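What follows is one structure encoded as structure tokens, with my remarks underneath.
Every chain is numbered from 1 and lettered A, B, ... according to where its sequence line falls, protein lines coming before strand lines. Heavy atoms only: backbone and side chains are in, while hydrogens, waters and symmetry mates are out. Because the structure is a prediction, the values reported are computed rather than measured.
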Number of protein chains: 2
Amino acid sequence: MSAHIDLLKKYKLTVTPQRLEIMSILVANGHISIDELYVALKVNFPSVSLATVYKNINLMLEKNFLFEVQIQNKKNVYELVKKEHSHVVCTECKEVLDIYLNTEKLFLEVTALSHFSLKTSSIVFNGICENCQKVQVS
Amino acid sequence: MSAHIDLLKKYKLTVTPQRLEIMSILVANGHISIDELYVALKVNFPSVSLATVYKNINLMLEKNFLFEVQIQNKKNVYELVKKEHSHVVCTECKEVLDIYLNTEKLFLEVTALSHFSLKTSSIVFNGICENCQKVQVS
DNA sequence: CTGACTGCAAACGTTTTGCACGGTA
DNA sequence: TACCGTGCAAAACGTTTGCAGTCAG
């Protein structure tokens, strides 16, 4: 897809087949861990190395092309940078959901309390998703 | 301090000199990384091993005696479990501040949007603290 | 053609493990 | 005394690095 090519160029990243595949996998999955990405990449690039995955992830993080989400009791996951948002994680099945909150008031409150000049936030809620709630009842 | 002894017992942790010292360090520092804790422990226990630090931290996390705070571009820090709260981190000097927010409305909003049964939240704000703001201006 | 990316293997830092010894209850 | 914790050394694990060959621009 040429949209992927344009996006890579916009972020000053050389276009390689591996990178395009990484992008497709990210778009398809939303969030993905290093391991999962490596396994998924192997489908079409059987000889890809883990070093390549790490090098790309790190480069993409530096260029602010990717965002890293840290989750309790779970490996970090990575997603394409988009509008700032929060995450909800199921402690049972580990599913990660994007959630768009209006954090304006929260930022004001924290600024007033801390006197920090705030830049970003990392907000993760932990709970049990609808599906896993049903499983527990039955 | 016997309060520390009682607290360890409450969490079903055997009382040892090393653990009491870990608690004192935690109380004195608020939040601390593994390395910092190891260095601080060595002051009074020069022969303490890093393995002991890890074993204690992991045990205390399991017993919900300690809480792990994950911070972007910084090593994890650990704190004694207390009332749920959020954190503000200075991206310059890496200072970590506790902050008590009323997150009730936020929980309701997220519940409505996600249909998760929420348990906990992990909220970290990143910005520049008062001191570092002054430094930048001058 | 030049610089950047890939894949491999080795190196590195962090965390975990097994074991013998010593301390706690 | 029986169990648990400590310290040491080795092992395991995840991540990074250097290099030679290849690809992108």
Counting side-chain heavy atoms from CB outward, which of [options] is closest to [X]?
X	options	answer
Lys55(B)	dT6(D), dA24(D), dT24(C)	dT6(D)
Ala51(B)	dG18(D), dT24(C), dT17(C)	dT17(C)
Arg19(A)	dT17(D), dC5(C), dT6(D)	dC5(C)
Ser49(A)	dG5(D), dG7(D), dC8(C)	dC8(C)
Val48(A)	dT24(C), dG7(C), dT17(C)	dG7(C)
Gln18(A)	dA25(C), dG5(D), dG7(C)	dG7(C)
Leu59(A)	dG7(D), dC5(C), dG5(D)	dC5(C)
Thr52(A)	dG7(C), dA24(D), dA25(C)	dG7(C)

Rounded to the nearest Å, what distance is computed from the [atom1] atom of residue [X] to the [atom2] atom of nucleotide [N]?
X	N	atom1	atom2	value
Glu21(A)	dC5(C)	CD	P	18 Å
Lys12(A)	dG3(C)	NZ	P	18 Å
Ile22(B)	dT6(D)	CD1	C1'	11 Å
Leu61(B)	dT16(C)	CG	C1'	15 Å
Asn58(B)	dT14(C)	CG	P	16 Å
Leu20(B)	dT6(D)	CG	P	10 Å

**Request:** Report the C-alpha separation of Ser117(B) and Lys119(B) in whole Å, then their side-chain angles, then the decisive distance to 0.1 Å, and conclude whether the side chain to side chain donor-acceptor pair (under 3.5 Å) test is met.
**Result:** CA-CA 7 Å; Ser117(B) 163; Lys119(B) 298 279 183 280; 3.1 Å; yes
**Message:** Could you check whether any side-chain heavy atom of Ile34(B) comes within less than 4.5 Å of a side-chain heavy atom of Lys75(B), counting everything from C-beta outward?
**Reply:**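 With C-beta onward as the side chain, the pair stays apart.
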**Request:** Any chance you could lay out the side chain to side chain donor-acceptor pair (under 3.5 Å) test for Glu36(A) and Ser33(A), step after step, and finish with the verdict?
**Result:** CA-CA 5 Å; Glu36(A) 290 162 348; Ser33(A) 69; 3.2 Å; yes
**Message:** Checking side-chain polar atoms at under 3.5 Å, does Gln18(B) have a donor or acceptor matched by the opposite partner on Thr52(B)?
**Reply:**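 Gln18(B) vs Thr52(B): no donor-acceptor pair found between side chains.
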**Atom of Glu79(B), atom of Gly30(B) and distance for their closest heavy-atom approach** =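 Closest approach of Glu79(B) to Gly30(B), heavy atoms only: CB-O, 3.3 Å.
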**Prompt:** Quick one: the side chain of Lys9(A) and the base of dG25(D), do they pair up donor-acceptor inside 3.5 Å?
**Reply:**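 Donor-acceptor pair under 3.5 Å: no.
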**Message:** Let me spell it out: for each of Phe45(B) and Leu13(A), pick the nucleotide of DNA chain D with the closest heavy atom. Which residue's pick is nearer the 5' end?
**Reply:**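 Looking at DNA chain D, the more 5' nearest nucleotide goes with Phe45(B).
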